[in-house]
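Read the structure below first, then the notes.
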Amino acid sequence: MPRTPVTVTVTGAAGQIGYALLFRVASGQLLGPDTPVRLRLLEITPALSAAEGTAMELDDCAFPLLAGIDITDDPATAFDGTNVALLVGARPRTKGMERGDLLEANGGIFKPQGRAINDHAADDVKVLVVGNPANTNALIARAAAPDVPAERFTAMTRLDHNRALTQLARKTGASVSDIRRLTIWGNHSATQYPDIFHAEVAGKNAAEAVGDETWLAEEFIPTVAKRGAAIIEARGASSAASAANAAVDHVHTWVHGTPEGDWTSMAVVSDGSYGVPEGLISSFPVTTANGSWQIVQGLEINEFSRPRIDASVQELIDEREAVSGLGLI
Ligand SMILES: NC(=O)c1ccc[n+]([C@@H]2O[C@H](COP(=O)([O-])OP(=O)(O)OC[C@H]3O[C@@H](n4cnc5c(N)ncnc54)[C@H](O)[C@@H]3O)[C@@H](O)[C@H]2O)c1
Ligand SMILES: O=C(O)C[C@H](O)C(=O)O
């Protein structure tokens, strides 16, 4: 018997990630093959027609799990009763725009959306922020939603995690499915720190299997951390299908759990673990079970990793100060 549909809201639904994401959500890849979904597409008014075109295509796929589609430019309607909110739509940096301008423009999007989630979403709402700067946009949305438990606001570093898996698999000649316990720490930005010191490749410590700190410092870390920029350079547009894939992975893992003996990377609200100031939304090694996440505890942070984690966390602290100065949190 079909279950009650789960309401999934996607913002920026007419954008390029939205286009790659919606069909996967509707086909059941986000929540599983037994869970019907009702889609809510939020767009700005000028993009509503494009969102309607995408909805027509969704209809034309005749997905058995798709229980309905609503399209709106009103956040209160978009988040009404929503169970899963995928906040993709954001203001990209344009020529001449300073960092402060970018944060302010995104504050104008994520603050009202956070408030609408606070006032209208379902009690069990789970929020994933994809739109950049993702960690700080999540911080802004979370601050505007004091009635929603803080742990429901997350930001995406799963794309970075997946990128790191592939680079490590290539270096070691292993398959990505042989790799466990890799971690992205910090911000979804070029300061992020992909950490293989606790990772395993086919059961062996990954750093030992690689045995090449120069490769780690000079190739692996910059390749993963600057991959977004490399894709923009090559494609003329930022990553879309891989970002949508990572969003599907993030929510699927949050809902269905991490495999025994493994973890994933998610940007979640810090409880002070590993010296990351409480309240920052920073990427950590995380396990999930029964729809909840937990930061993996007790990992030893070595001299190679410590300054790299600290540098990315400092960037998050600076972003928090900037949005605080703008009155956004
Ligand atoms: N976290 C990650 O790993 C990751 C990876 C790739 C891209 N991104 C980010 O995701 C975001 C979206 O990327 P994209 O390629 O789809 O961009 P895009 O420009 O193709 O689409 C963005 C869409 O958002 C819409 N939008 C703008 N303001 C909105 C609002 N207030 N409410 C609803 N919709 C709104 C726009 O109309 C547009 O259709 C960007 O910020 C990008 O930098 C993050
Ligand atoms: O949109 C970007 O700036 C890059 C994106 O966050 C990515 O990691 O691909």
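For ligands, and for the atoms within them, numbers begin at 1 and follow the listed sequence. We're numbering straight along the sequence, starting at 1.
For ligand 1, the atoms sitting less than 4.0 Å from at least one non-hydrogen atom of Ala243 are 5 (C), 6 (C), numbered in the order shown with element in parentheses. Of all the atoms in ligand 2, the ones that sit under 4.0 Å from a non-hydrogen atom of Asn132 are 1 (O), 2 (C), 3 (O), 5 (C), 6 (O). Short contacts between ligand 2 and Ser239, defined as distances under 4.0 Å to a heavy atom of the residue, involve ligand atoms 7 (C), 9 (O). Those atoms of ligand 1 with a heavy atom of Ser238 less than 4.0 angstrom away are 15 (O). Each of the atoms 39 (O) of ligand 1 lies under 4.0 Å from some heavy atom of Ala14.
Among Arg163, His250, His188, the residue whose heavy atom lies closest to atom 2 (C) of ligand 1 is His188. Closest heavy-atom approach to atom 8 (O) of ligand 2 within the set Arg227, Arg163, Met156: this belongs to Arg163.
Here Glu200 pairs with Arg180 under the salt bridge (charged side-chain N to carboxylate O under 4.0 Å, His left out) rule; sequence neighbours left out.
Closest protein heavy atom to atom 32 (N) of ligand 1: Gln113 NE2, 3.4 Å. At the shortest separation from atom 37 (O) of ligand 1 among protein heavy atoms lies Glu43 OE1, 2.7 Å. Considering only non-hydrogen protein atoms, atom 21 (O) of ligand 1 sits nearest to Gly15 CA, 3.2 Å. The protein atom (non-hydrogen) at minimum distance from atom 1 (N) of ligand 1 is Val130 O, 3.3 Å. Protein heavy atom closest to atom 13 (O) of ligand 1, with residue, atom name and distance, is Ile17 CD1, 3.4 Å. The protein atom (non-hydrogen) at minimum distance from atom 30 (C) of ligand 1 is Ile44 CG2, 3.7 Å. The single protein non-hydrogen atom nearest to atom 6 (C) of ligand 1 is Ser239 OG, 3.3 Å, given as residue, atom name and distance. Ranking protein heavy atoms by distance to atom 12 (C) of ligand 1, first place goes to Val88 O, 3.3 Å.
In terms of N/O distances under 3.5 Å, ligand 1 is approached by Gly12. At under 3.5 Å, a nitrogen or oxygen of Gln16, whether backbone or side chain, sits near a nitrogen or oxygen of ligand 1. Of the polar atoms of His188, at least one N or O is found under 3.5 Å from an N or O of ligand 2, judged by distance alone. Of the N or O atoms in Leu159, none lie within a sub-3.5 Å distance of an N or O in ligand 1. Residue Asn132 places at least one N or O, backbone or side chain, under 3.5 Å from an N or O of ligand 1.
For the pair Thr258 (side chain) and Thr288 (backbone), a donor-acceptor distance under 3.5 Å is present. A donor-acceptor pair is defined here as one N or O able to donate and one able to accept, closer than 3.5 Å; such a pair exists between the side chain of His198 and the backbone of Glu300.
With a 4.0 Å cut-off on non-hydrogen atoms, Ile231 does not touch ligand 2 at all.
Of the listed residues (Gln297, Glu278, Gln294), just one forms a side chain to side chain donor-acceptor pair (under 3.5 Å) with Ser273, and that residue is Gln297. If you run side chain to side chain donor-acceptor pair (under 3.5 Å) between Glu319 and each of Asn137, Thr136, Asn135, only Thr136 comes through.
Under the 4.5 Å side-chain heavy-atom criterion for Ile, Leu, Val, Met, Phe, Trp and Tyr, Val127 and Val84 are members of distinct hydrophobic clusters. The hydrophobic clustering, which links ILVMFWY residues whose side-chain heavy atoms are closer than 4.5 Å, places Leu299 and Val201 together. Val8 and Phe79 sit in two unconnected hydrophobic clusters of ILVMFWY residues. Membership requires side-chain heavy atoms under 4.5 Å apart, directly or through other members.
Using a 30° and 60° split on the angle between ring planes, Tyr274 and Trp185 fall in the perpendicular class, above 60°.
Applying the 6.0 Å contact sphere to CZ of Arg163 captures more than 12 heavy atoms from other residues, nucleotides or ligands. By the neighbour-count criterion of 12 heavy atoms within 6.0 Å, atom CD of Gln16 is densely surrounded, having more than that number from other residues, nucleotides or ligands.
Across all their heavy atoms, Ile295 and Trp293 have their closest contact at CG1-CZ3, 3.9 Å.
We find that Asp310 and Arg306 are joined by a salt bridge, their nearest charged nitrogen and carboxylate oxygen being less than 4.0 Å apart.
There is a protein heavy atom less than 4.0 angstrom from atom 28 (N) of ligand 1.
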